[in-house]
Undergrad: 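Here's a structure for you.
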Amino acid sequence: MLNLSHVRSVLSDCYDLAPSTEVAEATSDIYARMERVVTPPDWAIYAPYVKAINALKKERNAVILGHNYMTPEIFHGVSDYVGDSLQIAMKAQEVDAEVIVQAGVHFMAETTKILCPEKTVLMPDMEAGCSLAESITADGIDEMRAKYPGAPVVTYVNTTAEVKAASDICCTSSNALQIVNAMESDTVIMTPDQFLAQNVANQSHKNVVYWPGSCIVHEQYTAKDLQDFREWNPGTRLIAHPECPPDVVAEADFSGSTSGIIKYVTDEKPQKAMLITECSMASNIADELPEVDFVGPCNMCPYMKKISLEKILWVLHTGENEVLVDPDVGTKARASVQAMIDMSRKLGL
Ligand code: 13P
Ligand code: SF4
């Protein structure tokens with residue numbers, strides 16, 4: 001665990017990190033992407049970190065891959081590439097850098113290391129986990145195979161390298177339905193998200209059997225929440241992530257991966273939209289879509305929120321928190337992730 005007072009004292013000796021209106025003004029082009037959601041005093045606090053991180057990235061030949069759930073100062077301020085789980089995994093393979101800092105959770109950094117074993121992958125906080133990844137081990141995959149002999153195992157990328165290694169193919173929320181439909185067998189095992197699996201089953205002709213894991217952010221929403229919200233705020237477009245329970249997805253106007261949600265709101269530009277997903281999603285697109293009023297409650301992912309500018313600067317400065325994957329496990333896990341990427345490309349996803 002990081003000792004934050006030590007981190008602060010070392011960093012403040014090496015970089016000028018005091019809040020600064022001058023640095024804030026000098027970085028106003030970056031701030032313009034988040035003016036609607038970050039106040040000027042807050043930007044004066046973030047700007048010195050953003051400046052230091054962006055300079056250090058060049059020195060270290062590093063890039064930052066940011067997931068759509070990062071806070072705006074990370075998403076817009078320091079990330080070189082942003083996207084959903086599939087997009088950032090595919091980007092990891094393309095980037096020409098020695099070091100990749102994963103602004104996301106641990107399974108994403110592991111996926112990057114699996115795909116790019118020759119690169120140094122750094123995690124700003126090793127404790128940024130995921131309730132789905134924690135819900136299953138490789139033994140769980142064996143258990144499912146014993147229960148449904150011969151059925152292929154389609155595993156969500158929100159899992160450890162060992163679980164990916166024990167699976168046949170991975171999926172993300174943006175390609176799960178197409179990958180399940182492409183399996184030859186009539187019965188398909190999906191792990192570990194029961195709700196993603198049920199949402200896929202509702203649109204597929206396959207017999208989908210699943211592991212009972214769930215995401216602590218999306219499982220909290222109920223269909224009643226959506227019905228009440230619609231009644232109190234007529235005309236609001238309700239947009240849900242497929243990690244939500246199926247009755248929530250049924251109540252929504254659209255369901256898609258985080259990038260699917262961004263595309264839908266960008267294309268449709270509804271006057272009012274409620275994003276039934278993690279809170280930073282709406283914040284990150286608010287400035288690009290001034291005509292959309294983002295309303296309603298959202299849920300915070302405590303794991304994603306462990307990532308901060310300070311911790312990103314720390315790992316770039318020290319090279320600490322390198323993510324390593326056992327080479328044998330990595331080779332098997334890469335086959336599952338690569339099978340997903342190849343199929344996604346083939347299907348034009
Ligand atoms: P996507 O960005 O692939 O939709 O995944 C959402 C998520 O919960 C990642 O942790
Ligand atoms: Fe895991 Fe859910 Fe957080 Fe994504 S939002 S990292 S699925 S707990």
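Remember, it's 1-based here, ligands and their atoms both numbered in the order they're listed. Since the model is a prediction, treat every value here as computed from it, not as a measurement.
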Undergrad: Are I307 and V78 connected, step by step, through hydrophobic side chains (Ile, Leu, Val, Met, Phe, Trp, Tyr) whose heavy atoms are closer than 4.5 Å?
TA: yes

Undergrad: If you count the atoms of ligand 1 from 1 in the order shown, which ones are under 4.0 Å from a heavy atom of S85?
TA: 1 (P), 2 (O), 3 (O), 5 (O), 9 (C)

Undergrad: Which atoms of ligand 1 are found less than 4.0 Å from any heavy atom of M108?
TA: 9 (C), 10 (O)

Undergrad: If I compare all heavy atoms of C170 with all of V337, which pair ends up nearest, and what's the gap?
TA: SG-CG2, 4.0 Å

Undergrad: For the Cys pair C215 and C130, is the SG-SG distance shorter than 2.5 Å?
TA: no

Undergrad: Would you kindly confirm whether Y69 and I88 end up in one hydrophobic cluster when ILVMFWY residues are joined by side chain heavy atoms under 4.5 Å apart?
TA: yes

Undergrad: Report the part of E278 (side chain from C-beta onward, or backbone N, CA, C, O) that has a heavy atom under 4.0 Å from ligand 2; answer both or neither where that applies.
TA: neither

Undergrad: Are Y210 and I141 connected in the hydrophobic side-chain network, where two residues link if heavy atoms are under 4.5 Å apart?
TA: no

Undergrad: Going by an N to O cut-off under 4.0 Å, is there a salt bridge joining E110 and K113?
TA: no

Undergrad: Less than 4.0 Å is my threshold; does some heavy atom of N158 fall inside it relative to ligand 1?
TA: yes

Undergrad: Using 4.0 Å as the upper bound for N to carboxylate O, is an ion pair formed by E278 and K305?
TA: yes

Undergrad: I'd like to know whether T71 forms a side chain to side chain donor-acceptor pair (under 3.5 Å) with E73, so could you lay out the CA-CA distance, the side-chain angles of the two residues, the decisive distance to 0.1 Å, and finally the verdict.
TA: CA-CA 6 Å; T71 45; E73 72 282 6; 3.0 Å; yes

Undergrad: Side chains of T172 and S174: donor-acceptor distance under 3.5 Å anywhere?
TA: yes

Undergrad: Using 30° and 60° as the class limits, which term best fits the ring planes of Y264 and F254: parallel, tilted or perpendicular?
TA: parallel

Undergrad: So if I count the atoms of ligand 2 from 1 in the order they appear, which ones are less than 4.0 Å from some heavy atom of E243?
TA: 2 (Fe), 7 (S)

Undergrad: Does the plane of the ring in Y46 sit parallel, tilted or perpendicular to the ring in W43? Use 30° and 60° as the thresholds.
TA: perpendicular

Undergrad: Can you list the ligand 1 atoms lying under 4.0 Å from a non-hydrogen atom of E243?
TA: 6 (C), 7 (C), 8 (O)

Undergrad: Considering the heavy atoms of D84, write down every atom of ligand 1 situated less than 4.0 Å from one of them.
TA: 1 (P), 2 (O), 3 (O)

Undergrad: So, regarding H241 and ligand 1 (criterion: nitrogen or oxygen to nitrogen or oxygen, under 3.5 Å), is there a contact or not?
TA: yes

Undergrad: Any nitrogen or oxygen of H218 lying under 3.5 Å from a nitrogen or oxygen in ligand 1? Just yes or no.
TA: no

Undergrad: Within a distance under 4.0 Å of any heavy atom of S173, pick out the atoms of ligand 1 and give their elements.
TA: 1 (P), 3 (O), 4 (O)

Undergrad: Compute whether any side-chain donor of one residue and acceptor of the other, for D84 and T258, lie under 3.5 angstrom apart.
TA: no

Undergrad: Could you check whether any heavy atom of E278 sits closer than 4.0 Å to an atom of ligand 1, since that is the contact criterion I want to use?
TA: no

Undergrad: In terms of atom number and element, which parts of ligand 2 are under 4.0 angstrom from non-hydrogen atoms of Y69?
TA: 5 (S)

Undergrad: Show the atoms of ligand 1 that are less than 4.0 angstrom away from any heavy atom in Y69.
TA: 6 (C), 7 (C), 8 (O)

Undergrad: Begin from the C-alpha positions of Q338 and Q93 and carry the test side chain to side chain donor-acceptor pair (under 3.5 Å) through to its verdict.
TA: CA-CA 10 Å; Q338 195 60 52; Q93 282 184 311; 2.8 Å; yes

Undergrad: Return the set of protein N, O or S atoms whose distance to atom 1 (Fe) of ligand 2 is under 2.8 Å, each given as residue and atom.
TA: C130 SG

Undergrad: Determine whether any heavy atom of Q87 lies closer than 4.0 Å to an atom of ligand 1.
TA: no

Undergrad: M304 heavy atoms, cut-off 4.0 Å: which ligand 1 atoms fall inside?
TA: 10 (O)

Undergrad: Any ion pair linking K332 and D328 (charged N to carboxylate O, less than 4.0 Å)?
TA: no

Undergrad: Which of the numbered atoms in ligand 1 are under 4.0 angstrom from any heavy atom belonging to S257?
TA: 4 (O)

